[in-house]
4 protein chains.
Amino acid sequence: MAQQAGGGAGGGEVGEKRERILEAAEEVFARRGFHGARVTDIARLAGVADGTIYLYFKSKDDLLVSLFEDRVERINNMLRIILASEQRAQARLEKFINYYLGLAVKNPNLAEVIAIELRSSSKFMKEYKNVKFIEFLGLLAQIIKDGQTAGEIREDLTPEVISRTLFGALDELLLGYLLSRRRYYEATSASEQVFNVFWTGLENRGGRR
Amino acid sequence: MAQQAGGGAGGGEVGEKRERILEAAEEVFARRGFHGARVTDIARLAGVADGTIYLYFKSKDDLLVSLFEDRVERINNMLRIILASEQRAQARLEKFINYYLGLAVKNPNLAEVIAIELRSSSKFMKEYKNVKFIEFLGLLAQIIKDGQTAGEIREDLTPEVISRTLFGALDELLLGYLLSRRRYYEATSASEQVFNVFWTGLENRGGRR
Amino acid sequence: MAQQAGGGAGGGEVGEKRERILEAAEEVFARRGFHGARVTDIARLAGVADGTIYLYFKSKDDLLVSLFEDRVERINNMLRIILASEQRAQARLEKFINYYLGLAVKNPNLAEVIAIELRSSSKFMKEYKNVKFIEFLGLLAQIIKDGQTAGEIREDLTPEVISRTLFGALDELLLGYLLSRRRYYEATSASEQVFNVFWTGLENRGGRR
Amino acid sequence: MAQQAGGGAGGGEVGEKRERILEAAEEVFARRGFHGARVTDIARLAGVADGTIYLYFKSKDDLLVSLFEDRVERINNMLRIILASEQRAQARLEKFINYYLGLAVKNPNLAEVIAIELRSSSKFMKEYKNVKFIEFLGLLAQIIKDGQTAGEIREDLTPEVISRTLFGALDELLLGYLLSRRRYYEATSASEQVFNVFWTGLENRGGRR
DNA sequence: GATGAATGAGCGTTCATTCAT
DNA sequence: GATGAATGAACGCTCATTCAT
């Protein structure tokens, strides 16, 4: 309302408050970690009362989970668009890597929450099944599978293992970047190296084609 | 072990209580996570009074940090022995990977604490510089460097980037193993695949030698 | 009833919403107690918005008080009719007892609210003077007084004490019935026993003395 | 310690803190009711920290329940002594009534908590079975039973019904006394009247004997 | 050194009430 | 009149840490 900056058309603030809360949570979780974050801080940053948060989310836990779901879904959607523009596994993999590591710059708060809080969440939040994240890994695995079908990628590799492996590698690089301001991997561009090493490892050399 | 003083009179169990506390912490942290773990639980499991923990550790934070230091040091020592028995980067890398992933079976509690808590600790524990962990990464980087010197590994890769990358990959596999009891990577042996992909990616093909 | 305005145009259901709210409150208070009851629940059950309740009642406290006033007034009106049909204290007392204990069956929700919440209300609701309830006790006291005047009941008893005593006895029986589904007093008909004991105790034996 | 007023022998403060908390709870519950009472107030009045209460009681609910158990047990013990000194039901009943109503003077806080909070507790505190209170009612029922066996009391009355009835009567009188400072029943001594009415009602007239 | 009872700051969550529409 | 989203004060409870013994 008064806070609505968006000019033009007037309406369209449906879910606007929910999104403001998610944005505030993203920032506060990034800054202090899930446990260090106080609901009050998130509320204040979102410009709402504490109680308002509970109109949109069941609990602080649910807020974190919803943040994951929402953001990872966005990432998945973006990735689907990006991947759709390429046919070959090689190019897809490169784009995937660049996009994921690019989060560190484009959305450091989100990157931090994912790299740090996602891990514990799966274990310590009772019965939480991170559907969107499984989808995310599935996208990566699909690249591998398609590449195998197309003869680009070695057949002797398990897509699920490789996607986990690659995700872990990327996530750790992301984290390393975020934590130490030493951009130790920017010089030769870490993402180039990672892509290069992985692709060389995955590539079906001497195969038919 | 090295801390065992053994001394003259009576018990000769200096440091024994400290170790009992660390072992209890390892288990409780693994089971409930750092934040979910209560000092009281650790004390009870260690068979000491709550206050006793504070005779050996400054705080709960310090207990976690000390656990990391202690365990990662052990891992480093073990790795040094293992790596010393091999000359070639290829064999060393293979052993490193096998050893690290083997933790999931040999010491699941520790593996869990490392895979889950190590991440947040570096960010949220005030001024904590995880020396032993840096050493651990250094061991891995050293394998790469030595391999490059020996002409086994491509020169165009930054050892720090590659060691991070590999560590991330391994850590994620470890975590995936620990969380889902689907040993999705045991079938074709995930560690074999990881080693294979990485080595193929790192290997200096057509170099001198 | 008296509040029914009935007026000219439209529905003619003035006060209908108020009554719906009271009925909902009766049920929710009975089920969860005054403190356990949420205004929201009452609103939902009444089929109105939360805010609507505050158009008819000043506060949740006022809602409880109004419920008492309304229901106890109804009871009083009913009792007046019943008592008017009898001349003798003995018969009146018997009808009073039967009517009051009969609430457990005819209107268990109301019975529960009266037996449980009425007690605390008088003490903890600031400056609440339960006029209707005092009237209710007055009806009982009047039976005694009339009986004394008529020589049916011993002169040495204080009507106010006896009415309190009898009310307490009945209320406790009501409560016992409502809480335990053991109808321990239905067998020989508790109400018969109570009437019998009390009447024997009150009766003016051997003439005026 | 410093707070230990008790002179002489030095030791003996076992459970002293628990008892201090119970006493504070008794007073605060009496003054503000269970729901209006804040744990902090009880702690302050008891001279302990908030957390200390939770070393002795599981929750605020448990504190109320424990208070009931403790106090009603005391009452039961006292009653057993009193009743043991009399053989006849008549005298026992009289003493019972006098003792119970005497609580209003000797221990008004306790009387208030019992008269007001005991009622709701049985219904709204999940799975609370008030053993001591059942015992209390049992004592009263036993007087009736014994009286029937001895031929003092009419055989056609159900002890459980009568004991409930009598208890309700007494409790209501207690409450009336506590709430209104009008001692409307002190003039002719309410307890005398109650005893008189009940005894006349219960007495086995014209029976053998 | 070892104990464990005591501490009390801190926080997630609830819910009666308000008020712009 | 009716709505129901928003508010924010209030509070029970936890648990890392201390310290007298």
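Every chain is numbered from 1, with letters handed out A, B, ... down the list of sequences.
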When you measure from the side chain of D/K60 to the backbone N and O of D/A37, does any donor-acceptor pair fall under 3.5 Å? yes
Any N/O pairs under 3.5 Å between the protein and nucleotides 8-10 of chain E? List them or say none.
unit_1	atom_1	unit_2	atom_2	d
E/dG8	N7	D/G51	N	3.3

Closer to the 5' end of DNA chain F via nearest nucleotide, is it D/S59 or B/S59? D/S59
Looking at B/A46, is its backbone amide N or carbonyl O close enough to the side chain of B/R20 to form a donor-acceptor pair, meaning the two atoms are under 3.5 Å apart? yes
Side-chain ion pair, C/E19 and C/R71, N-O less than 4.0 Å: yes
Short question: side chain of D/E117, backbone of D/F34 - any donor-acceptor pair under 3.5 Å? yes
Classify the nucleic acid contact of A/F57 as base, sugar-phosphate or nothing, counting any heavy atom under 4.0 Å across all strands shown. nothing
Whole-Å distance separating the CD1 atom of C/I53 from the C1' atom of F/dT3: 12 Å
Can you list the stems that DNA chain F is part of, where a stem is at least 3 pairs in a row, each Watson-Crick or G-U, with both distances below 3.5 Å? E:2-21 with F:2-21
For E/dT17 and C/K60 - does any side-chain N or O of the residue sit under 4.0 Å from the phosphate oxygens OP1/OP2? no
Would you say that more than 12 heavy atoms from the other residues, nucleotides or ligands in this model lie under 6.0 Å from the CZ of A/R74, or not? yes
Within the pair A/Y54 and F/dG8, is there a side-chain N or O less than 4.0 Å away from OP1 or OP2? no
Reading DNA chain F from 5' onward, which residue's closest nucleotide shows up sooner: B/H35 or D/F34? D/F34
What's the shortest heavy-atom distance between C/E26 and C/L67, and which atoms? CA-CD2, 3.8 Å
Need to verify one output field. Residue with the more 5' nearest nucleotide on DNA chain E, C/V39 or A/A37? A/A37
Decide yes or no for C/V65 and C/D61: does some side-chain heavy atom of the first lie under 4.5 Å from some side-chain heavy atom of the second? no
C/K17 side chain near F/dG1 phosphate (N/O to OP1/OP2, under 4.0 Å): no
Between C/E73 and C/K132, does any side-chain N to carboxylate O distance fall below 4.0 Å? yes
Separation of atom NZ in A/K58 from atom P in E/dC15, rounded to whole Å: 17 Å
Do the side-chain N or O atoms of D/Y56 get closer than 4.0 angstrom to the phosphate oxygens (OP1, OP2) of E/dA5? no
Are the side chains of B/L64 and B/S121 in contact, using a 4.5 Å heavy-atom criterion? yes
Please report the distance, rounded to the nearest Å, between CG in A/D41 and C1' in E/dT13. 16 Å
